[in-house]
Amino acid sequence: MNLYPESQERLRFLSRVVDKEIKHLKYADHQVFGGLLTYDAVENLDKTPELAMKVEAFVSRFCRLQDTLGDKLLPALL
């Protein structure tokens with residue numbers, strides 16, 4: 001497959017972005033799920049603001065990665 005140079009550069013850029021987002025998601029994953037996240041812990045997030053912030057960071061990073069993959073990388077590949 002022969003891509004235009006600007007398409008190739010766009011794919012390289014998006015690949016770097018996705019790699020960085022995966023790195024951040026792995027960090028957030030370790031922060032939230034490094035220990036066991038139990039149902040009780042989720043039920044009591046309002047009483048544990050530090051854990052709630054970590055869960056929020058994980059969810060935010062997951063959504064950002066999903067958006068980048070679905071809205072940018074996959075369409076660029078197709």
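Counting from 1, the numbers follow the sequence of the chain as shown.
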Chemist: Are Val32 and Val42 co-members of a hydrophobic cluster defined by side-chain heavy atoms under 4.5 Å apart?
Modeler: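 Per the 4.5 Å side-chain linkage, Val42 and Val32 are co-clustered.
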Chemist: Going by salt bridge (charged side-chain N to carboxylate O under 4.0 Å, His left out), name the pairs with one or both residues in residues 44-70, residues two or more places apart or in two chains.
Modeler: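 Salt bridge (charged side-chain N to carboxylate O under 4.0 Å, His left out) check on residues 44-70 returns Glu50-Lys54.
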Chemist: Using side-chain heavy atoms (C-beta onward) and a distance below 4.5 Å, is Leu11 in contact with Ser15?
Modeler: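 Result no, sub-4.5 Å side-chain heavy-atom pair not found.
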Chemist: Which residues satisfy the side chain to side chain donor-acceptor pair (under 3.5 Å) test with Arg12, sequence neighbours excluded?
Modeler: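 Arg12: side chain to side chain donor-acceptor pair (under 3.5 Å) contacts with Glu9.
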Chemist: Using every non-hydrogen atom in the two residues, find where Ala76 and Leu14 come nearest and quote the distance to one decimal.
Modeler: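 Closest approach of Ala76 to Leu14: CB-CD1, 3.9 Å.
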Chemist: Let me confirm one number: the CG-OG distance from Leu77 to Ser7, rounded to the nearest 0.5 Å.
Modeler: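 One gets 10.5 Å once the value is rounded to the nearest 0.5 Å.
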Chemist: Taking atom CD of Glu21 and atom CG of Leu69, what is their separation to the nearest 0.5 Å?
Modeler: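 Between atom CD of Glu21 and atom CG of Leu69 there are 7.5 Å.
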Chemist: If hydrophobic clusters are built from ILVMFWY residues whose side chains come within less than 4.5 Å, do Met53 and Tyr27 share one?
Modeler: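 Looking at the clustering, Tyr27 is in a separate group from Met53.
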Chemist: Mind checking whether Leu73 and Ile22 sit in one hydrophobic cluster, side chains of I, L, V, M, F, W, Y counted as touching below 4.5 Å?
Modeler: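 They do share one cluster, since a chain of ILVMFWY contacts under 4.5 Å joins Leu73 to Ile22.
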Chemist: In terms of hydrophobic clusters joined by side-chain contacts under 4.5 Å, are Leu37 and Phe62 together?
Modeler: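 Linked within one cluster.
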Chemist: Going by atom types alone, do Gln8 and Tyr4 pair a side-chain donor with an acceptor below 3.5 Å?
Modeler: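 Absent: no donor and acceptor within the cut-off.
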Chemist: Atom CG of Asp40 and atom CG of Leu45: how far apart are they, to the nearest 0.5 Å?
Modeler: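 Going from CG on Asp40 over to CG on Leu45, the span is 11.0 Å.
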Chemist: Using modelled atom types only, decide if a donor and an acceptor are shared between the side chain of Thr48 and the backbone of Leu51 within a distance under 3.5 Å.
Modeler: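 It does not hold such a pair.
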Chemist: Would you say Phe33 has more than 12 foreign heavy atoms packed within less than 6.0 Å of its CZ?
Modeler: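 Buried by this count: over 12 neighbours within 6.0 Å.
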Chemist: Are the side chain of Asp29 and the backbone of Leu25 linked by a donor-acceptor contact shorter than 3.5 Å?
Modeler: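 Flag not set: sc Asp29 to bb Leu25 has no pair under 3.5 Å.
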